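Letters A, B, ... are given to chains in the order of the sequence lines, protein chains preceding strands, and every chain is numbered from 1. Source: prediction; values computed, not measured.
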Amino acid sequence: MSAVSSSSAALQPAAPKVLSARYMAWYRFSRNPAAVIGAFIVTSVILIAVFAPLIAPYAEHVGSVVNFRARHLPPDLEYLAGTDKVGRDILSRTIFGFRISLLLVIGVLGVSVPIGTILGLVSGYAGGMTERVITGLTNIMLALPPLVMALAIGNVLEPNLTNAMISVTLLWWTWHARLVYRVTRTVASEDYIEAARLSGASHMHILFREILPNCVAVISVKTTLDAAYVILFGASLSFLGLGVKPPTPDLGSMVADGRQYLPDMWWGVLTPGFAIFYATLGFNLLGDGLRDMFDVEA
Amino acid sequence: MTLGYVELCARRLVGFALVLLVLSLMTFVLARVVPGDPARMALGPSATPEQVAALQVEMGFDKPLPEQYLLYLGNAVKGDFGKSLVTGRPVTEEIMSFLPATLELVIVTICIIICVAIPLGVITARYRNSWIDSLGRVFSLTGVTMPSFLFAILLQMLAATYFPQWPILGRVDHTLGFQASITGFMTLDALLCLRFDVFFSAVQHLVFPAIALSMSGIGQITRITRSAMIEHQRRDHTLTLRSFGVPQRVITFRYLLKLSSIAPITILGLEFAALIGNAFVVEMVFSWGGFASYGLEAILQKDLNAVMAVVMVAGIFFIVANLVIDIILALLDPRLRFKEAK
């Protein structure tokens, strides 16, 4: 913060200089405390997940370690967040739990965002029958209650991380398709698209070089906000018993495990529970910040 | 006006039927084409091949798939989803016995969402950028981002610590010996039977699950209402009203609120999907024993007939809610009626 404000103060004397749009956007972002906090939280979550083995005090507790002498210990200096029913360090497991959450986010959004974007672009640009089929399909998919569908799909297949990912992905692309479709529809009638077409540009060029850049802001805002929802969604799935197989630590199933020993062993629930909250809060604040920065509706 | 209105409703109904058709096809594909034999899955590994074969014939799994689908569709239209592979009872009957509990919870939740979120949105928009606004923002952000199971658990812990007498599991105090047998709605049935002690107990049981379930909706709707109010405050029509000397109170409540409720009501429809999903989690935490608990059980036991029905019913639930919302929106927003009529 201080670095940014001092550099902007340094720019003050040269006020007549025209500031670039990118700089203005960054300025808006960095002056928004919520957005900066969000960026900080998201960065910290990513760093914690990547460097989990180095940060976690008991990295080996991620596996099926059993230490009954240390079971259900309340938080103290040795185990900062207490221990679970078989004596594993809850803090270490929570730290590793971020990995599964982020893996789910990458897996789901890495597939569903491109698919949704392409379908949205094509349906908004092509019009006619293509448009009707794709938007119709999107609307029908949006009418399915996602958690129920994901539970059903995931469990009929077999409850594990890959299937959870597949089932969430199958439902997630629709939001992006709808969003990109809306932007494409407005942009496609602009004069410069017509100009590009008249000058002989291919459809591919128009779609990806002329229209897509208009969608980047919307997509990045939506994707950031979605990361929060995918984490929440994944946590709810694994809380209900569909997710990673034990002993792999997963935040949702850790909460479900801890719940059995409430209200006495509150630490078993609160640490992983608030870890989920921390991550979703971060992505949400960052997404809101990006939305204000780009000044778009997403 | 009426013509546009009728046409809008007719269009929505056709769309409704289409969505249901696709939904039925998807659930069928989900339940039949996935690897594994539904009869074997339901009976478990200890069943003999003869038992599996017998169940297959009984459930019609031995017929070709298209025939099975048509049979399923024909029966589903009549409200018959077949028999549970686990209990052997008709699925529809089982669902009907669990559905009122969830409906009761969801209806109360929606009332809470509307009663809290819309006023909160109006207030935060009115006192924009003040401490009230910041407080409201933190509140709605917490609602949106906190997992509903964490909310449910926190409420339970809070109750257990500070109100040890407050019930935190189930729908009613069983020692009262009351069965909700008229409508299935515990509160309504208690009132109908003039059992005020049961009514009181049912309301007590309802409070925490309903609050836990409503938090995410409150967060969303507050945000949307706030931004819609602010958006409309900037428009020319508000300026006109103000320049005519109409009091701010009248502008806010008679004009702005109606205009600004269009966006939140639209979102409420979409929020329904999240609500049904969250009901699974909240019902589990509070041992509510409703449709969602039944659905979760069916899914975990791989009772495919029940799973298909649960997904269908959840879908119908969502679609009907959106149909109602579309109709309300058309009443609120004349532009929608005219656009559809063209």
Side-chain angles (χ1 to χ4, degrees), chain A residues 34 136-137 139-159 167 170-171 175 225 228-229 231-237 239-242 251-252 255-256 258-259 262-264 266 269-270 272-285 288 297, chain B residues 15-16 18-23 26-27 30-31 34-36 38 41 137 141-142 144-154 156-157 160-161 216 223 270 272-281 284-285 292 295-296 298-302 304 307-308 310-311 313-315 317-319 322:
Chain A
L137 187 67
N139 285 336
I140 288 170
M141 293 294 287
L142 283 173
L144 307 175
L147 193 68
V148 185
M149 282 305 280
L151 272 172
I153 298 172
N155 208 61
V156 166
L157 292 173
E158 191 197 338
S167 58
L170 280 176
L171 302 162
W175 293 101
L225 289 172
Y229 293 119
I231 293 175
L232 258 184
F233 203 80
S236 301
L237 279 181
F239 177 76
L240 291 173
L242 186 132
L251 300 175
V255 175
R259 197 175 76 88
L262 283 178
D264 302 325
W266 48 269
V269 165
L270 294 194
F274 277 97
I276 301 167
F277 180 46
Y278 181 73
T280 51
L281 183 71
F283 279 105
N284 234 295
L285 288 173
D288 280 349
E297 284 284 321
Chain B
F16 176 71
L18 206 69
V19 171
L20 279 186
L21 196 69
V22 175
L23 187 61
M26 281 187 62
T27 49
L30 177 70
V34 289
M41 273 196 215
R137 198 174 163 198
L141 193 66
T142 311
V144 173
T145 50
M146 194 184 268
S148 46
F149 56 82
L150 189 59
F151 250 123
I153 291 172
L154 286 178
Q156 259 187 349
M157 286 170 67
T161 319
S216 95
R223 286 169 126 186
L270 295 174
F272 238 88
L275 210 58
I276 298 167
N278 285 340
F280 275 72
V281 174
M284 175 182 163
V285 174
L296 187 63
I299 288 167
L300 292 178
Q301 290 184 338
K302 305 205 178 194
L304 289 179
V307 171
M308 279 157 85
V310 164
V311 175
V313 171
F317 211 32
F318 178 65
I319 297 164
N322 276 287

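- Residues Leu151(A) and Phe280(B) have side chains in contact (heavy-atom distance under 4.5 Å, counting atoms from C-beta outward).
- Evaluated for a side-chain contact (heavy atoms from CB on, under 4.5 Å) with Phe149(B), the options Val269(A), Leu240(A), Ile276(A), Leu232(A) yield exactly one hit, Ile276(A).
- Partners of Ser216(B) according to the side chain to side chain donor-acceptor pair (under 3.5 Å) rule, which considers only residues two or more places apart in sequence or in another chain, are Glu271(B).
- The part of Phe318(B) that comes within reach of chain A is its side chain, from C-beta onward, which places non-hydrogen atoms under 4.5 angstrom from that chain.
- When each of Arg137(B), Arg223(B), Gln156(B) is checked for heavy-atom pairs under 4.5 Å with chain A, Arg223(B) comes out on top.
- When heavy atoms are compared at a cutoff of 4.5 Å, Leu137(A) does not approach chain B at all.
- In terms of heavy-atom pairs under 4.5 Å with chain A, the best-connected choice from Ile276(B), Val281(B), Leu20(B) is Val281(B).
- Here the side chains of Leu285(A) and Leu141(B) are in contact, with some heavy-atom distance below 4.5 Å.
- Contact tally against chain A (heavy-atom pairs below 4.5 Å) for Leu275(B), Val144(B), Thr27(B): the top residue is Val144(B).
- Interface check for chain A: of the options Ile319(B), Leu300(B), Val310(B), Asn278(B), the most heavy-atom pairs under 4.5 Å are formed by Leu300(B).
- Interface remark: Met308(B) contributes no atoms to any contact with chain A (heavy atom separation under 4.5 Å).
- Interatomic distance, OG1 of Thr280(A) versus CG of Leu251(A), reported as 10.5 Å (0.5 Å rounding).
- Only the side chain of Leu270(A) comes within contact range of chain B, judged by heavy atoms closer than 4.5 Å.
- Residues Gly315(B) and Leu23(B) share a closest heavy-atom pair of CA-CD2, 3.7 Å.
- For chain A, the nearby parts of Val311(B) are the backbone and the side chain; heavy atoms of each come within less than 4.5 Å.
- Proximity to chain B is absent for every atom of Ala228(A), based on heavy atoms less than 4.5 angstrom apart.
- For chain A, the nearby part of Leu154(B) is the side chain; its heavy atoms alone come within less than 4.5 Å.
- Residue Ala34(A) touches chain B through its side chain alone, counting heavy-atom pairs closer than 4.5 Å.
- Remark: Trp266(A) CH2 to Ile153(B) CD1 distance equals 14.5 Å, nearest 0.5 Å.
- At a 4.5 Å heavy-atom cutoff, Thr161(B) makes no contact with chain A through either its backbone or its side chain.
- For Tyr229(A), the part lying near chain B is the side chain, with the backbone staying farther off; criterion is any non-hydrogen pair under 4.5 Å.
- Atom-to-atom distance recorded for Met157(B):CE and Arg259(A):CZ is 12.5 Å, nearest 0.5 angstrom.
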query = side chain to side chain contact (heavy atoms under 4.5 Å, CB included) between Val285(B) and Phe239(A): does it pass, once the steps are laid out?
reply = CA-CA 10 Å; Val285(B) 174; Phe239(A) 177 76; 3.7 Å; yes
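- Residue contact with chain A, scored on non-hydrogen atoms closer than 4.5 Å, involves the backbone and the side chain of Met146(B) alike.
- For Ile299(B), the parts lying near chain A are the backbone and the side chain together; criterion is any non-hydrogen pair under 4.5 Å.
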inquiry  = Determine whether Phe277(A) and Thr142(B) satisfy the following criterion, side chain to side chain contact (heavy atoms under 4.5 Å, CB included), listing intermediate values before the conclusion.
reply    = CA-CA 8 Å; Phe277(A) 180 46; Thr142(B) 311; 3.8 Å; yes
